[in-house]
Amino acid sequence: AIEEAKVKKDEAVVSKQAASVKEVKDSAQADLDIAMPALAKALKSLDSLDKKDITEIKSFTKPPPLVMMTMEAVCILLGEKPDWDSAKKVLTDGKFLDRLKEYDKDAIPAPS
(Lines give C-alpha, C1' and ligand atoms only; values in the text may rest on other atoms or scores of the structure.)
Protein backbone atom coordinates (compact mmCIF):
# COMPACT_ATOMS: atom_id res chain seq x y z
CA ALA A 1 0.00 0.00 0.00
CA ILE A 2 2.89 2.35 0.83
CA GLU A 3 4.60 1.48 -2.49
CA GLU A 4 1.37 2.04 -4.38
CA ALA A 5 0.92 5.48 -2.82
CA LYS A 6 4.54 6.38 -3.67
CA VAL A 7 4.08 5.21 -7.26
CA LYS A 8 0.88 7.26 -7.61
CA LYS A 9 2.67 10.32 -6.21
CA ASP A 10 5.61 9.83 -8.60
CA GLU A 11 3.18 9.30 -11.46
CA ALA A 12 1.47 12.61 -10.69
CA VAL A 13 4.84 14.43 -10.63
CA VAL A 14 5.95 12.85 -13.91
CA SER A 15 2.60 13.58 -15.52
CA LYS A 16 2.85 17.25 -14.50
CA GLN A 17 6.42 17.44 -15.87
CA ALA A 18 5.32 15.81 -19.14
CA ALA A 19 2.56 18.40 -19.53
CA SER A 20 5.06 21.19 -18.91
CA VAL A 21 7.50 19.73 -21.46
CA LYS A 22 4.69 19.42 -24.03
CA GLU A 23 3.77 23.06 -23.48
CA VAL A 24 7.39 24.15 -24.11
CA LYS A 25 7.63 21.86 -27.16
CA ASP A 26 4.38 23.23 -28.63
CA SER A 27 5.54 26.82 -28.06
CA ALA A 28 8.92 26.10 -29.69
CA GLN A 29 7.19 24.43 -32.64
CA ALA A 30 4.90 27.44 -33.10
CA ASP A 31 7.97 29.71 -33.16
CA LEU A 32 9.66 27.41 -35.68
CA ASP A 33 6.55 27.37 -37.86
CA ILE A 34 6.90 31.16 -38.13
CA ALA A 35 10.70 31.30 -38.39
CA MET A 36 11.36 28.60 -40.98
CA PRO A 37 9.39 30.19 -43.85
CA ALA A 38 11.07 33.53 -43.02
CA LEU A 39 14.48 31.83 -43.17
CA ALA A 40 13.66 30.20 -46.50
CA LYS A 41 12.50 33.56 -47.88
CA ALA A 42 15.68 35.27 -46.63
CA LEU A 43 17.90 32.63 -48.23
CA LYS A 44 16.00 32.97 -51.52
CA SER A 45 16.44 36.75 -51.36
CA LEU A 46 20.15 36.26 -50.71
CA ASP A 47 20.38 34.16 -53.87
CA SER A 48 18.95 37.05 -55.88
CA LEU A 49 21.79 39.42 -54.88
CA ASP A 50 24.84 39.86 -57.07
CA LYS A 51 28.05 41.90 -57.01
CA LYS A 52 26.31 44.85 -58.70
CA ASP A 53 23.82 45.02 -55.80
CA ILE A 54 26.64 44.90 -53.26
CA THR A 55 28.50 47.67 -55.11
CA GLU A 56 25.35 49.81 -55.07
CA ILE A 57 24.93 49.32 -51.31
CA LYS A 58 28.61 50.18 -50.67
CA SER A 59 28.22 53.41 -52.67
CA PHE A 60 25.80 54.94 -50.15
CA THR A 61 27.41 57.64 -48.03
CA LYS A 62 24.33 57.61 -45.81
CA PRO A 63 22.32 54.43 -46.39
CA PRO A 64 18.52 54.32 -46.10
CA PRO A 65 17.38 53.31 -42.58
CA LEU A 66 16.34 49.75 -43.55
CA VAL A 67 19.67 49.13 -45.31
CA MET A 68 21.50 50.43 -42.25
CA MET A 69 19.45 48.28 -39.88
CA THR A 70 20.04 45.19 -42.03
CA MET A 71 23.78 45.81 -42.27
CA GLU A 72 24.02 46.46 -38.51
CA ALA A 73 22.41 43.06 -37.92
CA VAL A 74 24.75 41.40 -40.44
CA CYS A 75 27.78 43.02 -38.77
CA ILE A 76 26.67 41.80 -35.35
CA LEU A 77 26.23 38.24 -36.66
CA LEU A 78 29.64 38.35 -38.33
CA GLY A 79 31.31 39.70 -35.17
CA GLU A 80 31.97 43.19 -36.53
CA LYS A 81 31.10 46.61 -35.10
CA PRO A 82 27.54 47.57 -36.07
CA ASP A 83 28.36 50.82 -37.88
CA TRP A 84 28.42 51.91 -41.52
CA ASP A 85 32.24 51.93 -41.83
CA SER A 86 32.39 48.31 -40.64
CA ALA A 87 29.48 47.40 -42.89
CA LYS A 88 31.31 48.77 -45.94
CA LYS A 89 34.40 46.72 -45.00
CA VAL A 90 32.24 43.61 -44.66
CA LEU A 91 30.65 44.34 -48.04
CA THR A 92 34.13 44.64 -49.61
CA ASP A 93 34.93 41.03 -48.73
CA GLY A 94 34.77 39.07 -51.99
CA LYS A 95 33.28 36.14 -50.08
CA PHE A 96 30.59 38.24 -48.38
CA LEU A 97 27.61 36.51 -50.00
CA ASP A 98 29.16 33.08 -49.44
CA ARG A 99 29.74 33.95 -45.76
CA LEU A 100 26.06 34.78 -45.40
CA LYS A 101 24.86 31.69 -47.27
CA GLU A 102 27.15 29.40 -45.25
CA TYR A 103 26.54 31.12 -41.89
CA ASP A 104 25.78 28.59 -39.14
CA LYS A 105 22.25 29.68 -38.28
CA ASP A 106 22.07 27.07 -35.51
CA ALA A 107 25.00 28.58 -33.60
CA ILE A 108 23.96 32.21 -33.25
CA PRO A 109 25.28 33.36 -29.86
CA ALA A 110 22.82 34.67 -27.31
CA PRO A 111 22.91 38.44 -26.73
CA SER A 112 25.37 39.43 -24.01
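None of the values given here were measured: they were computed from a predicted structure.
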Find out if a path of hydrophobic residues (ILVMFWY) with successive side-chain heavy-atom gaps under 4.5 Å connects Val21 to Val13. no
When you look at NZ of Lys88, are more than 12 heavy atoms from neighbouring residues, nucleotides or ligands closer to it than 6.0 Å? yes
Output every pair passing salt bridge (Lys or Arg N to Asp or Glu O under 4.0 Å) with a member in residues 40-57, not counting sequence neighbours, ordered by first then second residue. Asp47-Lys101
Gap separating the CG atom of Leu46 from the OG atom of Ser48, nearest 0.5 angstrom: 8.0 Å
Could you state the interatomic distance from CG (Asp26) to CG (Asp33), rounded to the nearest 0.5 Å? 10.0 Å
Test side chain to side chain contact (heavy atoms under 4.5 Å, CB included) applied to Leu91 and Ile54, Thr55, Leu97, the passing residue: Ile54
Hey, what do you get for NZ (Lys58) to CZ (Phe96), rounding to the nearest 0.5 Å? 10.0 Å
Show the atom names and distances, to 0.1 Å, of all donor-acceptor pairs under 3.5 Å that link a side chain in residues 66-85 to residues at least two apart or in another chain.
from  : atom 1 : to    : atom 2 : distance (Å)
Thr70 : OG1    : Leu66 : O      : 2.8
Asp83 : OD1    : Asp85 : N      : 3.4
Asp83 : OD1    : Ser86 : N      : 2.7
Asp83 : OD1    : Ser86 : OG     : 2.8
Trp84 : NE1    : Phe60 : O      : 3.0

Rounded at 0.5 Å granularity, tell me how far NZ in Lys22 sits from OG in Ser20. 12.0 Å
Between Gln29 and Leu32, is any pair of side-chain heavy atoms under 4.5 Å apart? yes
